[in-house]
Amino acid sequence: MLRHDAVPKEQRNGEMSEAAPAIADTLQRPLRDLRISVTDRCNLRCTYCMPREMFGKDHVFLPRAELLSFEEIARLARSFIALGVHKIRLTGGEPLLRRDIEQLIALLSRLSTPAGKPVEVTLTTNAVLLAAKAQALKDAGLSRISVSLDGLSDETFKRMSDSAVPVKTVLDGIAAAQRAGFAAIKVNMVVQRGVNDHEIIPMAAHFRAENLSGRGIVLRFIEYMDVGNTNGWRMDEVVTAQEILERLASHYPIRSIDPNYTGEVAERWSYADGSGEIGVIASITRAFCRDCTRARLSTDGKLYTCLFATNGLDLRTPLRAGASSGDLTALIADRWQQRNDRYSQLRSAATESITTTSPKKIEMSYIGG
Ligand code: SAM
């Protein structure tokens, strides 16, 4: 049953007055960000995310009819925005594999918050197709881009991504994005002990401003996480944010800087010599559930309130059955107001007991990283 009373009156029918309070979950966390997975397919097979043994030739990806269409995504996005979302990140799978993705970006970048501010539309990509797409993405209204890259040497990249793609393809994609006018591009590197931790310093050196004609790129190191069920995650493969910072500090003096906003996932550091900024995302050792304001929409239209969730709320069925915008907004609000998940904090309290045999989680390629 749809519960309209779950939504403050001003927010029904997909609208919210400036004065209306943003909805909050049971831990008083507002809804601010939406990650949308636009495809469950990827052109890489990163061993920690979509290992080929599980996502090989026989893997059945979602059939086209099950994917939300761009119009359906935009309709749902409007409901999320009415409830407080002001930033949307497109992800996957590999979002640049979704045909005509720039058309979705154009639809979403036209949306504004109830207070009349434009919604920020961002995208995370492995950049394999970025060189060809960067200008079209910019022209469609994309605000920012994050690129995932786990090493600079072809050998490391091949090992991590289980593909024959050379690192140069990714670097060319980043350069094309810079030429297209994207400012503040971020590069995210997942660090896995014994696999690519020897690339921490070379990656830092490469993306420092001094090496890129002053156009430094913010490199963010991500602790390897126990997402999904397929990567065989083990705590001893996690290089902690603390250790990453110590290794960096032994090469380059760095100092801590303030977050850009409350709830920012990365802890920010700058090079003391002015050569730019780096970040660490300590999802394992300094869990940030307390400030988590993110909802996730899967490729087939399910709402998840945590990356580590086991169940999502199906929004596609009511959407295709003719639910009004008010009905959809009410469903989302109701689920958010019941939200009490804080998986990473609980995991931190019991890291030793979390193994890949813990309850079945959702794969990141489906829910969106
Ligand atoms: N294909 C796009 C990309 O490469 O950015 C978007 C999807 S990908 C799932 C999003 C991010 O999740 C990537 O930066 C990837 O490295 C990260 N990721 C995937 N599995 C992870 C894990 N087990 N631990 C930490 N980060 C992970």
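All values derive from a computational prediction rather than experimental measurement. Counting starts at 1 for both ligands and their atoms, following the listed order.
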Tell me which part of Asn126 gets within contact of ligand 1: side chain, backbone, both or neither, using heavy atoms under 4.0 Å. both
Tell me, which protein residue and heavy-atom name are nearest atom 22 (C) of ligand 1, and how many Å apart are they? Val227 CG2, 3.5 Å
Polar-atom distance check: Thr124 versus ligand 1, any N or O pair below 3.5 Å? yes
Could you see if Ile281 belongs to whatever hydrophobic cluster contains Val218? Use Ile, Leu, Val, Met, Phe, Trp, Tyr and a side-chain cutoff under 4.5 Å. no
Tell me, which protein residue and heavy-atom name are nearest atom 5 (O) of ligand 1, and how many Å apart are they? Ser148 OG, 2.6 Å
For Asp150, is at least one N or O under 3.5 Å away from an N or O on ligand 1? no
In terms of heavy-atom contacts, does CD of Glu246 have more than 12 from other residues, nucleotides or ligands at under 6.0 Å? yes
I need the atoms of ligand 1 closer than 4.0 Å to a non-hydrogen atom of Cys49, numbered in the order shown. 9 (C), 19 (C), 20 (N)
To check your reading of the model: name the closest protein heavy atom to atom 26 (N) of ligand 1, its residue, and the distance in Å. Val190 CG2, 3.3 Å
N/O separation below 3.5 Å, Met225 to ligand 1: yes
Tell me whether the rings of His59 and Phe61 are parallel (<30°), tilted (30 to 60°) or perpendicular (>60°). perpendicular
Any idea which atoms of ligand 1 are less than 4.0 Å away from a heavy-atom of Thr91? 6 (C), 7 (C)
So is Gly93 in contact with ligand 1, going by heavy-atom distances below 4.0 Å? yes
Taking 4.0 angstrom as the limit and counting only heavy atoms of Glu223, give me the atoms of ligand 1 inside it, by number and element. 25 (C)
Side-chain contact test, heavy atoms from C-beta onward, threshold under 4.5 Å: evaluate it for Val239 versus Tyr224 and give yes or no. no
Just checking Arg290: does its CZ atom have more than 12 heavy atoms from other residues, nucleotides or ligands closer to it than 6.0 angstrom? no
Any side-chain heavy-atom pair of Val191 and Glu223 under 4.5 Å: no
Heavy atom to atom 17 (C) of ligand 1, shortest distance: which of Met364, Arg35, Met160 holds it? Met364
Mark up the atoms of ligand 1 that fall under 4.0 Å of a heavy atom belonging to Tyr224, in ascending order. 23 (N), 24 (N)
Which residue owns the protein heavy atom closest to atom 16 (O) of ligand 1, what's the atom, and how far is it? Tyr48 OH, 2.9 Å
Top protein contact for atom 10 (C) of ligand 1, by heavy-atom distance: Gly369 CA, 3.8 Å
Using the side chain to side chain donor-acceptor pair (under 3.5 Å) rule, take Asn43 and Glu94 through it: C-alpha gap first, then chi angles, then the decisive distance, then the call. CA-CA 7 Å; Asn43 40 6; Glu94 171 48 41; 5.6 Å; no
With a cutoff of 4.0 Å, is Met50 in contact with ligand 1, counting heavy atoms of the residue only? no
Cation-pi check, Arg208 to Tyr271: give yes when NZ or CZ is under 6.0 Å from the six-membered ring centre and within 45° of the ring axis, no otherwise. yes
Do you know the tightest heavy-atom contact between Asn188 and Asp150? O-OD1, 4.0 Å
Side-chain heavy-atom pair Glu243, Arg247 within 4.5 angstrom cut-off: yes
